[in-house]
Undergrad: 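Mind looking over this structure? Questions follow.
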Amino acid sequence: MPICTRELLLEAYHLMLGRFGRQHWWPGETPFEVMVGAVLTQNTNWKNVEKAISNLKERGLLTPRGLYHLSTAELGRLIRPAGYYNVKAKRLKNLVTRFVDEFDGEVSRLMSLSVEDARAFLLSINGIGEETADSIILYALERPIFVVDAYTKRILFRHSLISEDAIYSEVQGLFMDRLEPDTALFNEYHALIVRVGKEYCKNPPKCDDCPLMGWAR
DNA sequence: CACCAGGCAAGTA
DNA sequence: TACTTGCATGGT
């Protein structure tokens, strides 16, 4: 059972960065587009999300008030390629309604909250869970919080750094208790984990040539 | 053909 | 509290 130190976490980061370079997340979007994309990409391939984003963009609807005044049914039709379109249309409406009603649809007003308050606000919205909330805080608000996803858990579990049933806060704490709050670092680190997870840490694992081969364990 | 992707909430016991 | 299930398109 390896001990998870700051040095170990930084080693993994540099191994992944050295192999893949910067991932440029979140791909070319304004903060509001990141918020929308964070909901659309729930359990869904990003390529599918891009089609949905394009549909909204082409019609000039990818703004807080554009979506605010759009019916849930019509929104669902436009985001259809992203999958779960009925569920996601409701979730987006929930997010946009709260964002416009309580923050006037201004990202700057949301950013004036503390990270804890912003997280509590986002989590109080039906359809926004921990990963989506943290993705919005990190990639839209550009505040330092570590995003944990299924790949993060799988990689750490396979390297015996966490148990299989480790909960979100446990995994997040593993990183945040050891690394100084650094938005750029957390941004790149999560993106690299997703990249490595996709290419190597699937079922079955493709460990040959994985940048984390021989790391921790 | 099967499998799954940058999750989440609601239902069940 | 601890599982289970529904949601859905598009790529490999």
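Below, chains carry the letters A, B, ... as their sequence lines are ordered, and counting in each starts from 1.
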Undergrad: Looking at A:Arg143 and A:Asp134, is any side-chain nitrogen of the basic one under 4.0 Å from a carboxylate oxygen of the acidic one?
TA: no
Undergrad: Could you list who else is in A:Leu123's hydrophobic cluster, with ILVMFWY side chains joined at under 4.5 Å, directly or through other members?
TA: none
Undergrad: Side chain to side chain donor-acceptor pair (under 3.5 Å): which pairs involve residues 173-189 of chain A, sequence neighbours left out?
TA: A:Arg6-A:Glu180
Undergrad: Sub-3.5 Å donor-acceptor pair from the side chain of A:Arg119 to the main-chain atoms of A:Ala133, do we have one?
TA: no
Undergrad: Which residue pairs pass the ring pair (Phe, Tyr, Trp, His ring centres under 6.0 Å) test with at least one member in residues 29-74 of chain A, sequence neighbours excluded?
TA: A:Trp26-A:Trp46
Undergrad: On a whole-Å scale, what distance lies between the P atoms belonging to B:dC8 and C:dG10?
TA: 23 Å
Undergrad: On a whole-Å scale, what distance lies between the P atoms belonging to B:dC3 and C:dT5?
TA: 16 Å
Undergrad: With A:Tyr200, which residues qualify under ring-ring contact (aromatic ring centres under 6.0 Å, His included), at least two apart?
TA: none
Undergrad: If you assign each of A:Ile128 and A:Asn203 to its closest nucleotide in DNA chain B, which residue comes earlier from the 5' end?
TA: A:Asn203
Undergrad: Tabulated below should be each protein N or O lying under 3.5 Å from an N or O of nucleotides 8-12 of chain C; please produce it.
TA:
from: C:dA8; atom 1: OP1; to: A:Tyr84; atom 2: O; distance (Å): 3.2
from: C:dA8; atom 1: OP1; to: A:Tyr85; atom 2: N; distance (Å): 3.1
from: C:dA8; atom 1: OP1; to: A:Asn86; atom 2: N; distance (Å): 2.6
from: C:dA8; atom 1: OP1; to: A:Val87; atom 2: N; distance (Å): 3.0
from: C:dA8; atom 1: OP2; to: A:Asn86; atom 2: ND2; distance (Å): 3.3
from: C:dA8; atom 1: O4'; to: A:Tyr84; atom 2: N; distance (Å): 2.8
from: C:dA8; atom 1: N6; to: A:Tyr84; atom 2: OH; distance (Å): 2.1
from: C:dA8; atom 1: N1; to: A:Tyr84; atom 2: OH; distance (Å): 3.1
from: C:dT9; atom 1: OP1; to: A:Arg80; atom 2: NH1; distance (Å): 3.4
from: C:dT9; atom 1: O2; to: A:Asn48; atom 2: ND2; distance (Å): 3.0
from: C:dG10; atom 1: O4'; to: A:Asn48; atom 2: OD1; distance (Å): 3.4
from: C:dG10; atom 1: O4'; to: A:Asn48; atom 2: ND2; distance (Å): 3.1

Undergrad: Could you tell me how far C:dT9 sits from B:dC1 if I compare only their P atoms? Round to whole Å.
TA: 16 Å
Undergrad: Pick the C1' atom in B:dC4 and in C:dA8, then give their distance to the nearest Å.
TA: 12 Å
Undergrad: Report the residue (A:Ala38 or A:Gly127) whose heavy-atom-nearest nucleotide on DNA chain B is the more 5′ of the two.
TA: A:Ala38
Undergrad: Reading DNA chain B in the 5' to 3' direction, which nucleotide is the first one with an atom under 4.0 Å from a heavy atom of chain A, and which is the last?
TA: B:dA5 to B:dA10
Undergrad: With sugar-phosphate meaning primed atoms plus P, OP1 and OP2, does A:Ile125 contact a base, only sugar-phosphate, or nothing at under 4.0 Å between heavy atoms?
TA: sugar-phosphate
Undergrad: Can a donor-acceptor pair be found, under 3.5 Å and without considering hydrogens, that links the side chain of A:Tyr168 to the backbone of A:Val148?
TA: yes
Undergrad: Which residue, A:Leu110, A:Leu113, A:Val115, A:Val147, forms the side-chain contact (heavy atoms from CB on, under 4.5 Å) with A:Ile137?
TA: A:Val115
